[in-house]
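It should be emphasised that the depicted structure is a prediction, and the values quoted were computed from it without experimental measurement.
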Amino acid sequence: MKKIAVVGAGISGLSMANYLEKHQIDYHIYERRKKKDLAGHGFLIPKDGMDYLYQIIDPNLIHRHGSFLKKYAQYSHTGKILAEKELDNVFAISRHSLIDLLAQNISPEKITYEETIIPDDQHNGKLKLSDGTYIDADIAVISDGSRSRIRKHFFKDESMRVVQESEVVNIIQNKEIADSIENDFIKFHHKEGGLTFGILKLSDDTLLWYSQFDNQRYMINECSAENLRKYMLEVFENWHPLVPEIIQKSNYKNVHLWSVYELENLNPFYHENFVFIGDAAHPLIPFTSQGVTSALKDSFSLTKYLVEEDNIHKAFSKYEEERKPEIEVHISNGRILLNQFLLPLSQQTENIIPISYK
């Protein structure tokens, strides 16, 4: 089997490494960030994503680091219950925990951090380090995120647009508040639309919360953590008391303000001996809650065809043929969920779960 360079040590890159490890395929991961910078907030993983995760990580170990959510509960911003729906084995886990679990099966010498990888224009199919040294690899699996530099290098005419939604994401450790919440996915919606506050219970004392803003109505720009906290308290002051309490008691050291982008049209999933997975292949807007699951499925599918096929382009083609139709469904569903979010509550379709299913 040929040697593989994996560019990016996020969820998709580490998932790919685990599947390669399972099949004893030679690889090395290159990550431009420091290891500690890979920590983030959290994810929802639907049942089919968990089935793929169980193939590479012991289920008992996974279950100790997150929680299954029992139901989705939708409320008005003042706390009136609007809808409830049972969830089928949807798992909530922090990004830090999932990164650690995926990294545990990978030898430290197989990951190089703080190294920017550059495609070489003079030698097709070659990657080089920032110092100009060539990487010894026959295949490059690119998993460097939704705004992939390497994808843009090959597909120069691609067009990315800013989505009409921005998110503030944070985690709070507070057992008293966590005790008041069942293992549910809770989401408060403003009656005028374009503003929500969601809560996921990660463990007995830890909650992930996020707020979604119509960025044409709410001008959230890059600002200091303290100013962001003040703005959040102003915006959510008259909401159900749980919401301002969480905002008030949270630590803003690692709060994340997320501007969301999407590709107007998908590129091919491969070019020469470069193949793209996860957000690098197909950025999905957060309404889908399918980012982790799609990364796992991409990694599984690509590894399967690399094992089965002697010709890498045939393997790449089969991978794209298998994965692209499902991704197109999630992109379409994500846009539907975004449009619903922007509408007043009175015009929204009732009881829509903010998860895309194929």
Side-chain angles (χ1 to χ4, degrees), residues 2-21 25-41 95-96 98-100 102-103 105-160 162 222 254 256-263 266-284 291-292 294-295 298-299 302 306 312 316:
K2 298 178 182 295
K3 186 171 183 180
I4 296 176
V6 179
V7 181
I11 302 300
S12 55
L14 292 174
S15 297
M16 186 71 199
N18 273 268
Y19 279 110
L20 294 174
E21 192 78 37
I25 299 171
D26 192 15
Y27 69 90
H28 192 90
I29 306 174
Y30 300 89
E31 170 57 54
R32 66 179 175 80
R33 294 169 290 181
K34 297 177 181 178
K35 185 176 181 179
K36 66 176 182 178
D37 293 339
L38 293 168
H41 293 94
R95 179 182 172 89
H96 178 270
L98 186 54
I99 288 279
D100 283 350
L102 289 169
N105 296 328
I106 299 167
S107 300
E109 61 267 21
K110 289 189 175 184
I111 308 180
T112 301
Y113 294 99
E114 298 182 73
E115 184 60 75
T116 299
I117 304 303
I118 307 164
D120 189 345
D121 289 324
Q122 304 303 316
H123 299 84
N124 289 346
K126 286 290 186 181
L127 286 170
K128 56 185 180 181
L129 305 177
S130 52
D131 66 1
T133 304
Y134 285 105
I135 292 174
D136 177 23
D138 305 292
I139 297 170
V141 177
I142 309 303
S143 57
D144 58 344
S146 60
R147 303 182 74 184
S148 168
R149 295 174 300 103
I150 297 176
R151 186 188 68 225
K152 183 65 175 176
H153 176 87
F154 291 122
F155 306 113
K156 292 181 169 56
D157 294 332
E158 76 171 26
S159 177
M160 291 204 82
V162 180
E222 293 292 341
N254 295 312
H256 181 60
L257 176 57
W258 189 2
S259 296
V260 182
Y261 295 82
E262 68 171 353
L263 282 170
L266 287 176
N267 298 307
F269 285 10
Y270 63 97
H271 177 82
E272 297 173 346
N273 62 325
F274 293 79
V275 60
F276 298 85
I277 63 172
D279 286 344
H282 45 71
L284 295 174
V292 171
S294 295
D298 287 356
S299 303
L302 178 56
L306 287 173
I312 65 167
F316 291 173

Any non-hydrogen side-chain atom of [X] less than 4.5 Å from a side-chain atom of [Y]?
| X | Y | answer |
| --- | --- | --- |
| I312 | Y270 | no |
| E31 | Y113 | yes |
| S12 | D279 | no |
| I11 | I99 | yes |
| V6 | L20 | yes |

For H28, the ring pair (Phe, Tyr, Trp, His ring centres under 6.0 Å) test, sequence neighbours excluded, returns Y30
Sorted by chain and number, sequence neighbours left out, ring pair (Phe, Tyr, Trp, His ring centres under 6.0 Å) with F154 holds for H271, F274
Measuring from [X]:[atom1] to [Y]:[atom2], what's the distance to the nearest 0.5 Å?
| X | Y | atom1 | atom2 | answer |
| --- | --- | --- | --- | --- |
| L14 | I111 | CG | CD1 | 5.5 Å |
| I142 | S148 | CD1 | OG | 6.5 Å |
| F155 | I150 | CZ | CD1 | 11.5 Å |
| I4 | I29 | CD1 | CD1 | 11.0 Å |
| R95 | D100 | CZ | CG | 11.0 Å |
| L129 | I117 | CG | CD1 | 5.0 Å |

| Between F276 and H282, is the gap from one ring center to the other below 6.0 Å? | no
Using atom types as modelled and distance alone, determine if a side-chain donor or acceptor of [X] lies under 3.5 Å from a backbone N or O of [Y].
| X | Y | result |
| --- | --- | --- |
| K110 | Y27 | no |
| N105 | N18 | no |
| D298 | G278 | yes |
| D144 | G8 | no |
| R151 | S146 | yes |

How close do [X] and [Y] get, counting heavy atoms only, and between which atoms?
| X | Y | answer |
| --- | --- | --- |
| K3 | D136 | CD-O, 3.2 Å |
| A281 | L266 | O-CD2, 3.8 Å |
| M160 | Y261 | CE-CB, 3.7 Å |
| M16 | L302 | CE-CD2, 3.7 Å |

By salt bridge (Lys or Arg N to Asp or Glu O under 4.0 Å), E115 pairs with (sequence neighbours left out) none
Quick check: are there more than 12 heavy atoms from other residues, nucleotides or ligands sitting under 6.0 Å from CG of D131?
yes
